[in-house]
J.: 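I'd like to ask some things about the structure below.
Keep in mind the model is a prediction, meaning the values are calculated, not measured. Each ligand, and each atom within it, is numbered from 1 in the order the structure gives.
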Amino acid sequence: MYREMSARESARNQTTESALKEFVEQRDRFPSDSEEDDDSEEEEEEEEEEGLPVTKSLDFKKLNLCQASSNTQTSFDDQYDEDSDQSDTDNTIVVMPGSVLSSYLSDPLTNPSASYLFESPRPRAADFVYPGQDRYSKLGSVPAYSSTTAFIQLLNDISETHPDLCECAREETPLHVAAARGHVDCVQALLDANSPIDAVEQDGKTALIIALENGNVDIASILITNGCDINHADHHGDTALHIASKHGLLQAVQTLCHCAVTVDSVNANKKTALHLAAHYGHVDIIRVLLLARADVTLRGDDGLTAELVAVAAERLEAHSLLKMVKSQEIREEYISQLYPLDTSLRRIKLKLLGHSQSGKTRLVQTLHSSRGISSFLESVTRRISDHYSPSSSMKDDGIHSTNGSFVSESNNNSSFDLAAAAGSKYAPPHSQYTRGIDVQTVNINGCGEFSVWEFGGYEPMHTCYDHFVGNADCIHLILYRTSDPTEVQYKQILYWMNFLKGRVTPFEPIGHCGFSSRRSKVIIVGTHATSSLFPQMNQEGEYVSSDIEAMLNTVRLRFETHFDMDHRLILLDATNPSCIGMKTLKMELAKCRTNILAKLLKPLAILDTVVNHLNLVRKKHANFPVITWPDFIQLVRNEINPLTGDAHCRQIVQQLQLIGEPAKDTQLHQWSECSKLVSQDREAVIRMVGDAVEIRARGPSESATSMFYFMEDLINLVEHAAAEVGPGISLERHFISPKHLKEHREHPALFPPESMMEMQQRESLSVKGTQDEEELFTDVVCFGSRDVARHLTLGIDVGVADLQMASRCELACLLDPPHAMGRDWSILAVKLQLTDQVPDVDSTGQSLSRTDQLLNEWAIHHPEQASVGNLCRILVELGRCDARDALYRTVPLYVFAPLEDQFLLETNDSGVVSSCHSSSEHNPINI
Ligand SMILES: Nc1nc2c(ncn2[C@@H]2O[C@H](COP(=O)(O)OP(=O)(O)OP(=O)(O)O)[C@@H](O)[C@H]2O)c(=O)[nH]1
């Protein structure tokens with residue numbers, strides 16, 4: 001061991017290829033007996049005295065220690081001798097003697113990690129060339145990523161001193177090898193070490209071409225970003241664009257076109273990238289090439305244009321696309337439609353939320369009334385989800401559209417029979433209430449144009465709003481009545497703040513104290529403000545009150561991590577357009593609009609055409625606005641612009657924000673606040689209970705395994721739906737006692753997440769419920785199936801690296817602020833043995849969460865210890881049970897690994913009988 005290290009050190013510090021060769025030869029002569037380990041430290045000291053870099057020697061020591069655990073001692077030469085006759089189906093690595101780097105890297109003795117590396121699915125000539133032959137060996141598909149760090153270190157060291165040294169029989173550089181194999185980190189390390197980026201191997205291919213040949217688009221992006229030659233052609237005349245177009249690498253083609261690649265370059269067969277894309281039927285790529293103004297008239301050596309190539313290859317879609325854009329004039333028009341305009345978006349959204357009769361409709365009317373007559377005539381009112389009350393001008397498709405008049409006669413003067421609904425729980429608050437969402441374009445004098453979205457305060461409608469809130473690039477007004485009792489005001493404001501918070505996607509990176517990096521703008525507006533309610537005014541004539549200020553401060557404190565809360569609460573009389581509060585509101589709106597528009601992408605020129613086309617679309621699609629995503633794309637391509645790519649469509653939809661996807665399931669029965677799913681002999685009921693979603697499932701007792709799957713599917717469905725409509729909501733799983741359900745108890749016991757996690761920490765098998773009774777974990781979670789239980793990973797074993805945003809935000813919120821007793825992130829760093837990392841973590845100041853960074857460091861430096869269980873234990877030692885409890889509530893209680901086919905077929909599981917033995921055929925089991 002000791003000698004090996006010396007030899008390797010000396011090799012690393014010599015600068016010639018011969019020295020490296022010599023080192024490889026020497027290495028095999030050195031024993032690696034463990035008894036020599038003791039001497040290594042001594043040797044290290046000697047080296048230090050000689051001025052050798054200690055850090056590097058430590059890195060090599062690491063490698064050598066790995067090597068010491070290897071019991072194979074075959075020398076490089078032996079291996080070559082033994083394996084030279086092997087067939088190419090063998091997994092044996094054979095390296096050309098002349099390939100110094102290859103021998104250095106691929107010898108599993110020199111570098112055990114490299115042996116994994118070379119077993120990855122895409123063998124390259126540099127790794128596995130047979131002497132005198134030019135073919136690859138076929139190797140098994142063992143993932144190579146575990147050893148990447150070691151490999152990078154190795155390549156770094158060599159590349160630093162010998163960037164040109166490491167060439168092999170096919171004249172491949174390490175960059176070629178790493179690019180071929182998809183080792184992103186290695187490519188980056190090599191580029192950092194100035195490895196020649198445009199070096200070519202024997203076929204004239206650069207690393208970029210090789211990366212694309214192997215489908216490694218990420219690496220291609222890195223190479224392009226680092227300034228490689230994107231127009232280089234190999235010995236066949238193929239450029240990176242040819243290769244990417246041939247292999248259908250859309251992203252790469254987009255990147256290359258974005259970097260102004262020569263789009264019409266021809267290869268040895270006079271074929272352009274467009275010819276190849278047409279031949280292989282890559283329609284998306286044809287679109288991108290056409291947008292980059294590829295010449296459709298060029299002919300290959302066979303005399304065919306791209307269109308004819310598509311015909312010859314029977315690529316019908318490609319052919320019809322190329323046929324449609326034959327005329328240059330039409331092509332140019334299509335292209336110009338898909339370029340962004342120079343101007344900003346014409347308007348942004350202004351969303352008004354508030355309980356019924358808080359003055360939303362009135363405020364919009366007042367803001368509207370100040371506009372000129374022309375904009376008045378242009379206004380478009382559209383109402384969504386207004387099924388509850390049939391209005392005279394309401395269409396069957398649920399969209400209300402009126403031109404001209406703002407006054408929402410049809411909306412508010414409905415024939416809805418209030419008397420009939422008066423006794424019901426869902427009685428509307430007043431006859432003029434807004435049904436669903438009222439959308440209209442309003443040009444506010446002095447502020448500019450807004451798309452005003454008024455969300456009716458009528459409560460049963462609130463669940464329909466999920467898909468229409470959550471965008472951060474708009475202004476939210478939350479309205480309440482200042483004439484209501486203070487407690488009601490608080491309650492209503494908090495309701496809407498929480499409503500928004502649950503539906504706005506949090507953005508990374510997490511800032512200090514859990515601040516989101518992109519916060520939505522929220523302005524709180526108190527309507528019905530009068531001088532009798534607010535006798536005091538400030539210099540500007542605005543109403544002021546210490547109570548109001550206190551309320552705003554409380555709300556800000558609670559929500560400022562998620563929202564950019566306006567520093568003042570605006571008090572106004574919504575019926576009075578000239579009141580001071582109204583002026584203040586307009587000023588704020590104008591300021592926010594400018595700020596938001598400055599951040600938004602410029603709109604595509606096609607947007608207006610799509611908006612104008614919507615009327616036609618509505619006629620054609622009876623279900624509009626519900627239309628599937630593929631249908632929408634087809635519609636835009638067939639009826640507006642055939643060159644529109646998926647990304648364009650996404651951008652259009654983002655701006656229209658009207659279209660969702662339908663979900664139909666014949667086995668799904670739904671009624672108010674409840675759904676029932678029946679699947680063969682299993683059934684489940686999903687219903688709202690307070691603010692929880694309750695899922696109860698039952699099925700034959702012998703089908704425990706399939707019941708578990710059934711239940712998991714449902715839970716995932718609910719969680720995904722919740723994550724989609726309310727990405728800011730963090731859900732907790734509370735399990736209901738299967739025993740109590742079986743006994744049909746009216747109030748069955750619950751097993752909250754804290755109990756489930758505590759049980760895991762105690763390494764116990766049973767968990768205590770809210771009624772102090774214990775039940776087995778396998779019964780509560782796995783329908784009694786021990787086979788299922790065996791495939792679960794417990795929550796305490798989940799890695800800290802896999803913690804979800806919600807958990808990380810909670811921890812940041814609790815541990816970032818300085819603690820009076822010092823029990824914050826800094827002491828946590830000590831407990832996690834990360835004292836060395838503290839200066840780095842601290843240097844980011846308050847822009848990033850230190851706790852979050854610390855946990856990342858922990859996962860990197862101590863991956864084997866960085867588990868949820870260990871973190872919880874440390875938090876308790878630290879005296880921060882609050883942080884531990886926050887983790888308990890937010891981490892997954894278990895992770896279910898996919899089962900093997902054989903296991904899936906097993907339906908007869910005895911485990912369930914032990915826990916749920918029931919005389920009835922169906923056992924009620926639920927979460
Ligand atoms: N005096 C006074 N009356 C107001 C004010 N704001 C609203 N109102 C009146 O309160 C009533 C209800 O107002 P709306 O604007 O319809 O309430 P809303 O918030 O749209 O209610 P929903 O449509 O049910 O969500 C109307 O008669 C308004 O004229 C205000 O600031 N001062």
J.: Relative to Phe559, does Arg556 satisfy both conditions: NZ or CZ under 6.0 angstrom from the six-membered ring centre, and within 45 degrees of the ring's axis?
T.: no

J.: Quick test of your reading of the model: are Lys521 and Asp566 salt-bridged, counting only N-O distances below 4.0 Å?
T.: yes

J.: Regarding atom 9 (C) of ligand 1: of the candidates His355, His528, Gln357, which has the closest heavy atom?
T.: His528

J.: Does Glu454 come within less than 4.0 Å of ligand 1, judged by its heavy atoms?
T.: yes

J.: Using heavy atoms and a 4.0 Å limit, tell me yes or no: is Ser358 in contact with ligand 1?
T.: yes

J.: With Ser578, which residues qualify under side chain to side chain donor-acceptor pair (under 3.5 Å), at least two apart?
T.: Asn576

J.: Should Gly359 be counted as touching ligand 1, given the test is an N or O pair under 3.5 Å?
T.: yes

J.: Run the numbers for me: atoms of ligand 1, each under 4.0 Å from some heavy atom of Gly456, listed by number.
T.: 25 (O)

J.: Sort out for me which residue in Leu569, Ile493, Val522 forms a side chain to side chain contact (heavy atoms under 4.5 Å, CB included) with Val555.
T.: Ile493

J.: Less than 4.0 angstrom from a charged side-chain N to a carboxylate O is my criterion; do Glu694 and Arg687 meet it?
T.: yes

J.: Output yes when the distance from some N or O of ligand 1 to some N or O of Gly457 is under 3.5 Å, and no in every other case.
T.: yes

J.: Check whether any N or O atom of Leu363, backbone or side chain, sits under 3.5 Å from an N or O atom of ligand 1, and answer yes or no.
T.: no

J.: Polar contacts were defined as any N/O atom of the residue lying under 3.5 Å from an N/O atom of the ligand; does this apply to Thr527 and ligand 1?
T.: no

J.: Run the numbers for me: atoms of ligand 1, each under 4.0 Å from some heavy atom of Tyr433, listed by number.
T.: 23 (O), 24 (O)

J.: Going by salt bridge (Lys or Arg N to Asp or Glu O under 4.0 Å), name the residues that satisfy it together with Asp885, two or more places apart in sequence or in a different chain.
T.: none

J.: Going by distance only, is there an N or O of Arg362 that falls short of 3.5 Å from an N or O of ligand 1?
T.: yes

J.: Using 4.0 Å as the upper bound for N to carboxylate O, is an ion pair formed by Arg568 and Glu542?
T.: yes

